[in-house]
Amino acid sequence: MVEKNDVTPIESGLMEKLVSLAKRRGFFYPGSEIYGGLANTYDYGPVGTELLRNIKNLWWNYFVQQRSDMVGLDAGIISHHKIWEASGHVAGFADAMIDCKNCKARMRADHLLENYIETLDEHTRADVMKTHAEDKDIVKALESGHVEGFSIDALEKVLKVFSTLPRHGLKCPNCGKSDWTAIRKFNQLFPVQLGIVQGEGGMAYLRGETAQGIFVNFRNVVDSNRVRLPFGIAQIGKGFRNEITPGNSIFRTIEFEMGEIEYFFDPEVTNWETVFEQWKSTMWEFVTKQLGVLETNLRWREHTDEERSFYSTRTEDLDYKFPFGFKELWGLAYRTNYDLTKHSEASKKDLVIVDPQTGTKIVPHVIEPAVGLTRLLLMVLVDAYTEEGTSAGSGEGKRTVLKLHPKIAPYKVAIFPLLANKETLVGKAQDIYNELKKHFMVTFDARGNIGKRYMAQDEIGTPWCVTVDFDSLDDDGVTIRDRDTTNQERVKIKELVDYFQKKLR
Ligand code: GAP
């Protein structure tokens with residue numbers, strides 16, 4: 001459940017430019033900003049809302065609508081404390097936290113150590129390795145660059161070794177001192193107190209993942225739908241985690257949109273490795289073909305034994321190359337029948353499906369693809385961000401373009417009258433806007449000059465701009481300008497709907 005870290009930007013310039021564009025053009029804004037902001041929260045602006053909605057719709061279409069072996073679910077966000085006790089989250093959904101005594105900065109100890117390991121040069125690495133050759137935790141941390149799954153004692157030991165290195169010792173990234181509190185566990189679940197009942201009776205949690213809503217409704221879905229193994233239940237919805245590490249913009253937030261699937265099967269009948277491999281190719285295809293992301297920016301990474309949850313037989317992450325390094329985008333885990341068994345034991349309800357042929361009761365196993373949809377949004381922005389020209393982004397011939405896949409672009413078409421003060425042009429452009437908006441998400445712009453309008457649409461990834469000019473009044477044609485090539489072509493107004501429908505197919 002805990003994932004890899006993200007604090008040190010490798011190409012920090014790109015992230016800064018993206019965050020600035022996101023604010024300037026309305027993708028997302030820091031949460032509660034007028035009151036000074038609330039750490040690790042973001043609000044989505046008009047174009048960000050469209051982009052997120054398009055990603056969600058595409059996900060739902062691809063994983064539910066287009067498949068006969070999938071059904072959907074929309075479980076509640078506030079859920080019974082017993083769900084999270086049975087699932088193991090109350091006891092185990094915790095990060096190791098540490099504070100700097102000098103500046104009071106609070107951070108995840110694993111992130112602190114992993115970021116530090118990344119900065120070590122070969123010489124220092126070899127030195128530490130030699131001195132601590134007998135210590136398997138130090139060796140493992142240095143070799144893998146990861147400390148996930150390490151016990152608190154092991155983390156303390158690694159921290160001590162790194163903090164006391166004579167040169168390049170580990171320091172607080174905030175103030176540069178090396179004066180730490182003890183490392184302690186910090187549970188990520190958000191408790192909520194319901195009504196006026198104090199104590200356990202009124203105690204609930206904001207869900208830390210949508211997956212548990214699927215497990216606790218398994219019986220309901222089976223009883224109310226004609227499903228047969230193997231089949232999956234999919235859900236889109238918010239997850240909440242009390243994250244303490246600064247999250248690289250929307251990469252890691254305390255409230256985020258998830259898209260989770262629990263794919264149930266009988267391991268006696270269906271080979272789990274085959275299902276696992278099928279899901280790997282489906283996820284890959286979604287990211288590359290549906291979202292249009294470059295294959296070279298993706299990789300699979302298998303979890304080490306320490307990292308993997310004890311009930312999982314195999315977990316692999318699909319990682320994306322963010323400007324701050326390769327990081328987890330989408331997790332794929334074979335969770336066996338752990339969750340259904342745990343909920344069955346705790347609730348004393350039979351969470352089974354009956355084999356129609358033999359009448360045998362089966363507690364199915366699951367393979368779980370789980371993704372952060374807001375993380376997908378950050379990925380598509382990073383992947384689409386392009387600067388063209390010598391000192392791109394400003395001045396003539398230089399531009400910043402979001403080369404988003406047209407299917408997910410916030411607006412498909414922008415419609416302009418060539419001049420804002422010519423009523424005939426504005427009227428005709430408005431007619432086109434009114435017609436196209438019945439079919440696509442479109443926008444209208446009559447401000448500034450045409451160059452500025454193109455620039456604004458390029459920055460939000462609008463694939464096509466339609467301009468109504470003086471010739472349009474005679475020939476009933478318009479100029480369509482392509483975002484990526486900037487090529488222009490003349491098309492009749494009555495053919496526009498067909499033209500864009502073909503392009504978007
Ligand atoms: N049910 C399995 C599960 O929740 P996870 O790896 O903890 O697995 C799934 O989370 C996905 O959710 C991750 O791969 C990541 O894309 C996203 N995610 C996790 N924590 C996040 C956070 N704090 N902010 C944004 N996205 C997050």
Side-chain angles (χ1 to χ4, degrees), residues 1-7 28 31 39-42 44 52 55-56 59 73 75 79 83-84 87-89 92-95 108 110-111 148-149 186-190 205-216 232-263 279 283 286-287 291 293 298-303 307-309 311-312 315-320 322 324 326-336 338-340 342 366-380 382:
M1 279 182 239
V2 186
E3 35 170 13
K4 305 262 72 55
N5 186 31
D6 48 274
V7 181
F28 51 81
N40 295 338
T41 66
Y42 287 85
Y44 288 79
L52 186 55
I55 292 172
K56 284 191 210 174
W59 189 95
L73 182 79
S79 34
I83 294 179
W84 303 98
S87 68
H89 284 76
F93 195 45
D95 288 333
R108 267 172 65 172
D110 56 341
H111 290 184
E148 212 165 306
F186 174 76
N187 195 293
Q188 285 190 278
L189 278 183
F190 278 109
Y205 289 101
L206 297 185
R207 63 183 176 203
E209 59 175 17
T210 56
Q212 296 307 320
I214 298 179
F215 294 123
V216 299
I233 305 180
Q235 179 165 213
I236 282 182
K238 291 225 163 152
F240 301 83
R241 297 181 187 180
N242 206 351
E243 300 280 3
I244 48 175
T245 297
N248 264 322
S249 175
I250 58 167
F251 178 80
R252 185 188 310 285
T253 47
I254 59 177
E255 176 182 342
F256 57 100
E257 204 75 56
M258 305 185 85
E260 293 199 278
I261 292 166
E262 301 303 331
Y263 196 76
W279 276 106
M283 288 156 61
F286 182 78
V287 176
L291 298 178
V293 163
L298 294 165
R299 70 166 190 205
W300 283 103
R301 189 185 71 85
E302 181 155 8
H303 279 209
E307 220 178 330
R308 207 176 46 237
S309 307
Y311 51 79
S312 168
T315 301
E316 289 194 39
D317 288 343
L318 179 57
D319 288 353
Y320 177 76
F322 286 96
F324 37 88
F326 265 110
K327 301 292 168 195
E328 175 184 346
L329 182 70
W330 204 325
L332 181 66
Y334 172 27
R335 292 174 78 122
T336 65
Y338 174 82
D339 302 86
L340 285 181
K342 282 284 155 198
V366 283
I367 282 184
E368 177 198 65
V371 71
L373 296 166
T374 35
R375 196 170 283 185
L376 285 185
L377 186 144
L378 180 63
M379 172 195 68
V380 296
V382 169

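Counting starts at 1 for both ligands and their atoms, in listed order. As a basis for the values below, the full set of heavy atoms in this structure was taken, side chains included, without hydrogen atoms, waters or symmetry mates.
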Take T41 and E255 through the test side-chain contact (heavy atoms from CB on, under 4.5 Å) and record every step on the way to the result. CA-CA 7 Å; T41 66; E255 176 182 342; 5.7 Å; no
Can you list the steps and then say if F286 with L376 is a side-chain contact (heavy atoms from CB on, under 4.5 Å)? CA-CA 11 Å; F286 182 78; L376 285 185; 4.2 Å; yes
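Put simply, the side chain of S249 never gets that close to the backbone of F251: no donor and acceptor are under 3.5 Å apart. R207 places no side-chain N or O within 3.5 Å of a backbone atom of G239 that could act as its donor or acceptor partner.
Interface atoms of ligand 1 facing M258, defined by a heavy-atom separation under 4.0 Å, are 4 (O), 9 (C), 10 (O), 12 (O). Shown in contact with R335 at under 4.0 Å from a heavy atom are these atoms of ligand 1, numbered in order with element: 1 (N), 2 (C). Atoms of ligand 1 found under 4.0 Å from any heavy atom of E368, numbered from 1 in the order shown, are 1 (N), 2 (C). Against a heavy-atom cut-off of under 4.0 Å, G372 is close to the following atoms of ligand 1: 11 (C), 12 (O), 15 (C), 16 (O), 17 (C). Per-residue contacts place G331 under 4.0 angstrom from the following atoms of ligand 1 (heavy atoms of the residue considered): 14 (O). With ligand atoms numbered from 1 in the order given, ligand 1 contributes 14 (O), 15 (C), 16 (O) to contacts under 4.0 Å with heavy atoms of L329. Ligand 1 places these atoms under 4.0 Å from at least one heavy atom of F251: 24 (N), 25 (C), 26 (N). Heavy-atom contacts of E260 reach the following atoms of ligand 1: 1 (N), 2 (C), 3 (C), 4 (O) (cutoff under 4.0 Å).
Heavy atoms of D317 found under 4.0 angstrom from ligand 1: none, in either backbone or side chain. For M379, no heavy-atom contact with ligand 1 is shorter than 4.0 Å.
In terms of N/O distances under 3.5 Å, ligand 1 is approached by E328.
Looking at E243 and R108, a side-chain N of the basic residue comes within less than 4.0 Å of a carboxylate O on the acidic one, giving a salt bridge.
In this structure the side chain of L298 reaches within 4.5 angstrom of the side chain of L329, judged on heavy atoms. The closest side-chain heavy-atom distance from Y44 to T374 is below 4.5 Å.
Considering Y338, Y334, F215 in turn, F215 is the only one that fulfils the side-chain contact (heavy atoms from CB on, under 4.5 Å) rule with V366.
Under the 30°/60° scheme for interplanar angles, the aromatic rings of H89 and F93 are found to stand perpendicular.
Between E209, R241, E257, it is R241 that holds the heavy atom closest to atom 10 (O) of ligand 1. Here atom 21 (C) of ligand 1 lies nearest to F256 when heavy atoms of Y320, W330, F256 are compared.
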